[in-house]
Number of protein chains: 2
Amino acid sequence: MQKHPNLRMTRQRQVILEELRKVNTHPSADEVYEMVRKRLPRISLGTVYRNLEILSESGDIKKLEPGCSLKRFDGNPSEHCHIRCVRCDRIADAPLAPDIEIDVAGLMPADYKIIGHRLEFFGVCPNCSDKTNRDANRR
Amino acid sequence: MQKHPNLRMTRQRQVILEELRKVNTHPSADEVYEMVRKRLPRISLGTVYRNLEILSESGDIKKLEPGCSLKRFDGNPSEHCHIRCVRCDRIADAPLAPDIEIDVAGLMPADYKIIGHRLEFFGVCPNCSDKTNRDANRR
DNA sequence: CGAAGGTTGGGATGCTTTTGCAAACTGTTT
DNA sequence: AAACAGTTTGCAAAAGCATCCCAACCTTCG
């Protein structure tokens with residue numbers, strides 16, 4: 001069931017993980033590359049990408065903005081939430097969740113100017129869960 | 001203060017807006033392009049991108065996943081929220097907002113299998129608001 | 001109508017991410 | 001320690017999404 005059954009801990013993978021754990025800046029892949037390059041000058045960017053992917057699948061790190069492969073547009077400009085299918089990446093409207101009045105003022109990093117927040121749901125759309133069921137029955 | 005002071009309503013812009021309002025599928029730019037092309041076969045993809053941008057700035061439509069230019073990674077895989085700076089796009093940890101227990105079951109589209117939700121904050125980071133202040137003083 | 005200037009099409013460009021492949025390496029078994 | 005099988009790497013090429021450039025064109029408004 002695991003995506004990568006026989007993982008190895010290579011020096012590259014190790015260093016990427018270590019460097020990423022050192023900081024709390026949520027670097028991009030390219031920034032990770034620069035960090036790691038100081039210790040492994042010959043590492044390639046492709047390796048960094050591959051390992052970030054693998055490490056996030058194994059749960060050692062987290063990839064932010066999952067399923068945000070491309071921008072999407074909504075003809076309805078009024079305020080409402082969305083639900084994203086984690087399988088097909090499509091987005092549907094969520095009948096506006098109660099406008100959650102979150103008391104954030106005190107909780108946020110003091111020096112940040114808070115503008116707003118966004119609440120997004122994710123799940124599996126009818127289409128994709130049908131597909132799963134069909135596949136399961138086939139076996 | 002407006003970004004586009006003298007907007008014109010061209011046929012292309014009109015059709016893009018109409019098509020986008022017809023659906024609730026939250027299409028990507030490329031999907032919009034395909035939809036619009038049925039009515040305006042000679043429209044270019046660049047025009048679609050330009051107009052989606054303009055229309056979302058004028059508030060006629062909404063761009064989802066704003067400021068999600070590239071993926072970022074977090075060495076801390078535990079559950080916590082983030083705050084994104086809308087200026088520089090950098091991400092910081094938000095001291096975990098109270099795990100909002102949202103009663104969603106009844107609210108979501110009935111046929112969706114809900115897996116979870118994500119709460120994200122956005123604002124201006126200290127760095128960027130400093131910059132704004134300095135710029136303002138300079139005038 | 002005619003001038004002013006926003007907008008278009010089409011291609012070029014940029015940047016992020018993915019992929020293919022031979023060589024190198026890891027972990028395990030002899 | 002040597003050999004083996006299967007992963008992983010570096011490099012380079014390619015793919016994919018988004019933006020930019022520019023001459024020609026169109027919309028708006030007096």
Side-chain angles (χ1 to χ4, degrees), chain A residues 2-20 26-58 60-73 88-91, chain B residues 2-20 26-58 60-73 88-91:
Chain A
Q2 227 182 318
K3 213 163 185 178
H4 301 279
N6 301 313
L7 281 186
R8 284 179 193 166
M9 187 47 74
T10 61
R11 178 128 185 75
Q12 289 86 337
R13 185 123 70 215
Q14 180 72 46
V15 171
I16 289 172
L17 187 54
E18 284 174 13
E19 291 300 313
L20 199 46
H26 310 78
S28 63
D30 201 64
E31 287 164 349
V32 172
Y33 176 53
E34 288 306 329
M35 289 155 57
V36 170
R37 216 134 71 103
K38 289 178 185 144
R39 291 174 56 188
L40 302 176
R42 298 194 45 83
I43 196 172
S44 84
L45 183 56
T47 298
V48 172
Y49 270 100
R50 263 184 307 240
N51 278 306
L52 287 172
E53 192 59 34
I54 290 172
L55 288 169
S56 74
E57 277 164 6
S58 69
D60 291 304
I61 67 173
K62 253 191 134 183
K63 176 159 59 168
L64 305 187
E65 301 297 342
C68 177
S69 49
L70 52 153
K71 290 186 182 118
R72 293 181 170 276
F73 298 86
C88 66
D89 212 35
R90 270 192 270 268
I91 295 181
Chain B
Q2 226 182 321
K3 213 162 182 180
H4 300 280
N6 302 311
L7 281 185
R8 285 179 193 168
M9 188 47 74
T10 60
R11 180 129 184 72
Q12 287 87 337
R13 190 164 300 158
Q14 181 72 46
V15 171
I16 289 172
L17 188 52
E18 284 173 15
E19 291 299 313
L20 198 46
H26 311 76
S28 64
D30 202 65
E31 286 164 350
V32 172
Y33 176 53
E34 288 306 327
M35 289 155 57
V36 170
R37 216 133 73 102
K38 287 177 186 148
R39 292 173 58 188
L40 303 175
R42 298 193 47 84
I43 197 171
S44 83
L45 183 57
T47 298
V48 172
Y49 271 102
R50 257 186 314 244
N51 279 305
L52 288 172
E53 192 60 34
I54 290 172
L55 287 169
S56 74
E57 277 165 6
S58 69
D60 292 303
I61 68 172
K62 252 191 133 180
K63 174 159 58 168
L64 306 187
E65 300 296 342
C68 176
S69 49
L70 51 152
K71 290 187 184 113
R72 293 182 170 276
F73 299 85
C88 67
D89 213 34
R90 270 192 270 268
I91 295 180

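Convention: sequence-line order gives letters A, B, ...; per-chain numbering from 1.
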Quick one: is dT7(D) close enough that its OP1 or OP2 comes under 4.0 Å of any side-chain N or O from Thr10(A)?
no
Is any side-chain nitrogen or oxygen of Asn51(B) closer than 4.0 Å to OP1 or OP2 of dT8(C)?
yes
Quick one: NE2 on His26(B) to CD on Glu31(B), what's the gap to the nearest 0.5 Å?
11.5 Å
Please classify the nucleic acid contact of Asp30(A) as base, sugar-phosphate, or nothing, using heavy-atom distances under 4.0 Å.
nothing
Does CZ in Arg11(A) sit with more than 12 non-hydrogen atoms of other residues, nucleotides or ligands closer than 6.0 Å?
no
Tell me whether the side-chain N/O atoms of Tyr49(A) come closer than 4.0 Å to OP1 or OP2 in dT17(C).
yes
Report the distance from atom CG of Leu40(B) to atom C1' of dG10(C), rounded to the nearest whole Å.
16 Å
Any N/O donor-acceptor pair, Arg42(A) side-chain to dG10(D) base, under 3.5 Å
no
Judged by each residue's nearest nucleotide on DNA chain D, which is more toward the 5′ side, Arg50(A) or Thr47(B)?
Arg50(A)
Do Ile16(A) and Ile43(A) come within less than 4.5 Å of each other through their side chains, counting heavy atoms only?
yes
Looking across every strand, which nucleic acid part, if any, lies under 4.0 Å from Leu45(B) by heavy atom: base, sugar-phosphate, or nothing?
nothing
OP1 or OP2 of dC25(C) versus the side-chain N and O atoms of Arg11(A): is any pair under 4.0 Å?
no
Just do the side chain to side chain donor-acceptor pair (under 3.5 Å) check on Ser58(B) and Asp60(B) with the steps written out, would you?
CA-CA 6 Å; Ser58(B) 69; Asp60(B) 292 303; 2.6 Å; yes
Atom-pair distance (CE on Met9(B); P on dC29(D)), nearest Å:
13 Å
Looking at Gln12(B), does any N or O in its side chain come under 4.0 Å of the phosphate oxygens OP1/OP2 on dC26(D)?
no
